[in-house]
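Side chains included, hydrogens not; waters and symmetry mates left out as well; all remaining heavy atoms used.
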Amino acid sequence: MRRGDLVQGGLLVAGQGEGCGGDQGGELADRTATGNGAGTWQSSSVDHDLTPAARAVLEHLRRHFPGREVGVLPPAPGPVRNVVPDLHILTLNLPDHGALYVTAGVWDATRRDGHGLEFVLYVPTAEHELHVETLTMVAYHHAGGGDFVLDHGHTVAIGRPWIPGSACDHLLVSEPYPWGPELEVCDLPNGHARILWLLPITKAEKQYRHAHDLEALEQLLEDAGILPTDPYRPSVVG
């Protein structure tokens, strides 16, 4: 696999590295969430709530997407503050298609020797409540430590469709190929964060990934030419 094989709007496949084995920790949620749209989500967060590292992630997004406004949202209510006390969700609309939601604060809670992760979700339209909940669950899951820690190539069961009506109810932790290594590596005041992409996949695709390997699944996805933001795409595994 080569980065040159990947184009925004077609399939974006992970390249090198197989990643680890089983589905990480089972389902993230035991309830179904429905997004009420970007306009109904009330945020009490402002820039000065961010830690220095989270603010660096925000500035990283501003540099990578010049001219795009980056919003700062609180996480979904729940116990996440016990394990990721400074979590916020950053969001921006892309110029051509879709929107991004990015965690900020996961690195602070989980870093080791200055290195840690943040996560990005690429969506067709802004639906703050729905996508903030997904990223809040991922952050909570990852910060649990042990077998719950996520990395490139892992899969996670969401516990519901990522968007209502979608067959995709799992996430594949992938490199952010639509935007390249310039987005993936974010320098921070005391280290760096690796921003990994949460690609929605179906249960059958998740099972295929673990029965074969990461590259085998990626090849199927690439051959099918999926649109990653299409919530209603069919599974590439029968």
Side-chain angles (χ1 to χ4, degrees), residues 23-38 40-58 60-61 70-92 99-112 115-123 126-152 154-164 168-173 176 186 188 190-191 193-200:
D23 203 37
Q24 297 299 300
E27 292 188 354
L28 291 179
D30 59 4
R31 71 187 191 282
T32 298
T34 55
N36 292 330
T40 62
W41 182 264
Q42 298 299 315
S43 170
S44 60
S45 292
V46 290
D47 284 6
H48 62 251
D49 292 328
L50 300 177
T51 66
R55 180 176 290 278
V57 175
L58 182 146
H60 180 69
L61 293 176
V70 181
V72 181
L73 302 170
V80 69
R81 290 295 194 192
N82 296 331
V83 291
V84 193
D86 297 306
L87 180 65
H88 293 81
I89 308 299
L90 310 179
T91 183
L92 69 145
L100 299 183
Y101 289 84
V102 183
T103 61
V106 173
W107 180 90
D108 292 278
T110 62
R111 70 187 185 274
R112 289 191 175 184
H115 307 299
L117 301 181
E118 299 288 355
F119 300 97
V120 57
L121 187 66
Y122 182 25
V123 305
E127 293 283 345
H128 290 346
E129 185 174 353
L130 180 64
H131 302 312
V132 165
E133 182 185 69
T134 298
L135 284 181
T136 300
M137 290 188 293
V138 169
Y140 181 80
H141 181 89
H142 176 65
D147 291 341
F148 294 97
V149 173
L150 298 173
D151 205 347
H152 175 234
H154 289 186
T155 60
V156 188
I158 307 171
R160 56 161 170 78
W162 79 291
I163 289 176
C168 296
D169 55 4
H170 289 68
L171 300 168
L172 175 66
V173 184
C186 177
L188 304 177
N190 295 302
R194 189 181 185 196
I195 301 176
L196 293 179
W197 178 30
L198 301 172
L199 173 64

Less than 4.5 Å apart, any side-chain heavy atom of [X] and any of [Y]?
{"X": "L188", "Y": "H60", "result": "no"}
{"X": "L171", "Y": "T134", "result": "yes"}
{"X": "D49", "Y": "V72", "result": "no"}
{"X": "Y140", "Y": "L87", "result": "no"}
{"X": "P74", "Y": "I89", "result": "no"}
{"X": "L196", "Y": "D151", "result": "yes"}

Check [X] against [Y] and note the closest heavy-atom contact, atom names and distance.
{"X": "L130", "Y": "P164", "answer": "CD2-CD, 3.8 Å"}
{"X": "V57", "Y": "T103", "answer": "CG1-O, 4.1 Å"}
{"X": "L135", "Y": "V102", "answer": "CD1-N, 3.8 Å"}
{"X": "I158", "Y": "M137", "answer": "CG2-CE, 4.0 Å"}

*Set of ring-ring contact (aromatic ring centres under 6.0 Å, His included) partners for H131, sequence neighbours left out*: Y101
_Contacts of F119 that satisfy ring-ring contact (aromatic ring centres under 6.0 Å, His included) - sequence neighbours left out_ =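 Residues passing ring-ring contact (aromatic ring centres under 6.0 Å, His included) with F119: H142.
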*Not counting sequence neighbours, which residues clear side chain to side chain donor-acceptor pair (under 3.5 Å) with D108? List them please.*
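Result, side chain to side chain donor-acceptor pair (under 3.5 Å) vs D108: T51.
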_Heavy-atom donor-acceptor pair, R81 side chain to P85 backbone, under 3.5 Å_ =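 Side chain of R81 to backbone of P85: a pair is present.
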_Once side-chain contact (heavy atoms from CB on, under 4.5 Å) is applied, do any residues pair with P52, and if so which ones, sequence neighbours excluded?_
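Partners of P52 by the side-chain contact (heavy atoms from CB on, under 4.5 Å) criterion, ordered by chain and then number, come out as P189.
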